[in-house]
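Residue numbers begin at 1 in each chain, while the letters A, B, ... track the order of the sequences.
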Amino acid sequence: MVKMSLDAIQVMSGQVKELKVSPSSNGDTRGSWEGKEEFDPNQLELTAKPKPVTGRRARKVEGAVFFPKPENAVTVAVSSRVLFRTEREQKVFEQKGVEEYLRYQIEHENEPFAPGPAFPFVKALDAVNTRLRELYPQSEELFDIVLVTYNHAHVGIRLINTINHHNLFIERFCMTGGSSPIGYLKAWHTNLYLSADAEKVREALAEGIAAATMFMPEKLTEVSESQLRVAFDGDAVLFSDESERIFKTHGLDKFFEHEKENEDRLLDHGPLKGFLEALGKLQKKFYAKGQRLDCPIRTYLVTARSAASSGIRALKTLRAWGLEIDEALFLAGAPKGPMLEKIRPHIYFDDQMFHVEGAAEMGTVAAHVPYGIAQKYNSQQKMSSGK
Amino acid sequence: MVSTVTNSDVKQKDVDQAVVVAVTFAAVFGPEAEDGSTVYRLGVALPLLQVLQRVNERLLEKNPAEHQLFDVILITTDSWQQQQNSSIINSTRHHGLEISRFCFSTEDNYIESLVQNNVQLFFTTDGNEALQATHQGVPSALLDKNSVSCPSEQLRVLFCEKAIIQPNMGSTEASKKSAQNFLAHLGQMRQKFGVFDSPLCFTLVTSHGGKDSCCCALKSLRSLGVSVDEAYCLGGAPRGPILSLLRPHFLLSDGFSLLEG
């Protein structure tokens, strides 16, 4: 029986020996800049008025505001319920119905909402954009934040007032009045979708869009305002759930055996791989300008795998994908909460509610990726979503 | 000389309270049948006609004494069409279209006809006709092959900026006033239904300008009595993909403001 070390081992990527690995298909790379099909608006323009002469310009500047083309930017779509705190309004909706809910919203139109779990994350994206603009003033390779909500446009004015109140740079939004936003997410080349509703997140994942459900932790530890930190679980988040399947059905020993046997076979990709890739591409832009040490984006792998054994396969896979992750933490089964509390990521993605809850207990904003075999085994424990 | 003929198959609407919309011959009927039959096939306006009828049905369900209904008239815009009057009437009755009146006018007097009939919205497949009518104070909307794929259960109206960025293209004081009038009617019709399961749906799409421009439009429409259901602020992103998802029956860009001042 393998003795598991309870000390977390930190491994900096680049220390793993480069060995020959067999190639495997890794699915599409949603974060790639080139090759995204340019959509011809003239094909589907519904107005039959004479076509605009200008067509689509490479850059659009309105005053001091700058709107990147969706396929060039890293588009992050957030719902109103995770960007802001809307518990009170939710209660009105649940107890008194939609008409009363909308009336309440309009009545309180000039009262801005308080920040929600995704707020620090969005602020950090803004900070990165500021740094990117300093270095590459003409580039459209930025974060583009889109507010995507099922809300009725009646709530629109209150949301816009709130965005202005908090000085958020969000110039694109989508209020679908109840219908599914999936079509719009795709039209906007969305790289990541954050919502409070697991059903909608599942729908997005099924369409190949990286998505996660966010919850409001009871306490929020302070996070950096100048460096964006994103942490990922490995299996069923960055990687597919193939190994997790083995673990769940055959146990830990079989898992280790399987990983050892397949050490040189790359893992298949998971739903968040594309987003990590997109972050990596932005990071390289800072490295190119000699800002590696001062990079405002930092990524973390926080996995239950062990460094000495099952972790190797994870690292080799990342290496083969050309993805650099800044810090890889192999916990060998130890609880993730304390480690995350040290890292202080703006967001942590995990496929298991158990870990999401554990992280939240210690003040980390954790997002659940409802993907893979773990969903069948998820704890019945209900997540306390904000008090 | 314009002649107006009533369609006896259709119950006439209250002249004062109905919202009159006119649809051109070329929109209602498709290209002429080659076998020379006197019954025309239906054109791109079919889903629109069906959905206007649907809205009327739902309004009457709510209130059998309702008078604020859509009143659809068919209008010809050239002398050749004007001469096909009997075929037009036959075809309309054959297809059971809820068209209450026919205005047989020519290219010289169709606009006059629109004004005389108190038309609040003029549907055509011809861009020039739309421009001219708007200049004379009659709000207009264009129909094309995309109109065919619009839903027939819910009237989807899209508010947006004009496609061409030219100030006041086709917009006059008169047309602005008429547009506002029409919008007020639409708003009132919408109010009769709840948030869900409404046969009318209003969508705002702002392509240029940011959230503040969109906010301004929302407030402007609200002041006219129009509560928008869906809003999309594109911030410069192309409109095409969004429009193909929204499938509006027609676009309106007059009568409300998008920018401050």
Notebook entry, point to check: With chain B, which of A:Leu147, A:Ile160, A:Ile163 has the greatest number of heavy-atom pairs at distances under 4.5 Å?
Noted result: A:Ile160

Next item on the list: State plainly whether the residues B:Arg58 and B:Asp197 are in salt-bridge range, i.e. N to O under 4.0 Å.
Entry: yes

Next item on the list: Would you mind checking if A:Arg202 and A:Glu199 are paired as a salt bridge, meaning a charged N to carboxylate O distance below 4.0 Å?
Entry: yes

Checklist line | Contact class of B:Phe202 relative to chain A, heavy atoms under 4.5 angstrom | finding: neither

Next item on the list: Heavy atoms only, distances under 4.5 angstrom: which of B:Leu218, B:Val195, B:Ile242 has the most pairs with chain A? Name it, please.
Entry: B:Val195

Next item on the list: Can you tell which part of A:Ile170 gets under 4.5 Å to a heavy atom of chain B, answering side chain, backbone, both or neither?
Entry: backbone

Next item on the list: Evaluate the criterion side chain to side chain contact (heavy atoms under 4.5 Å, CB included) for residue pair A:Phe143 and A:Asn191; output intermediate values, then yes/no.
Entry: CA-CA 10 Å; A:Phe143 285 113; A:Asn191 296 86; over 6 Å; no

Checklist line | Salt-bridge criterion met for A:Glu225 and A:Lys123 (N-O under 4.0 Å) | finding: no

Notebook entry, point to check: A:Phe93 ring centre to A:Arg81 NZ or CZ under 6.0 Å, with the angle to the axis within 45°?
Noted result: no

Note to self: Taking side chain as everything from C-beta outward and backbone as N, CA, C, O, which of these in A:Ile182 sits under 4.5 Å from a heavy atom of chain B? Side chain, backbone, both or neither.
What the structure shows: neither

Check: At a heavy-atom separation under 4.5 Å, does A:Ser179 approach chain B through its side chain, its backbone, both, or neither?
Finding: side chain

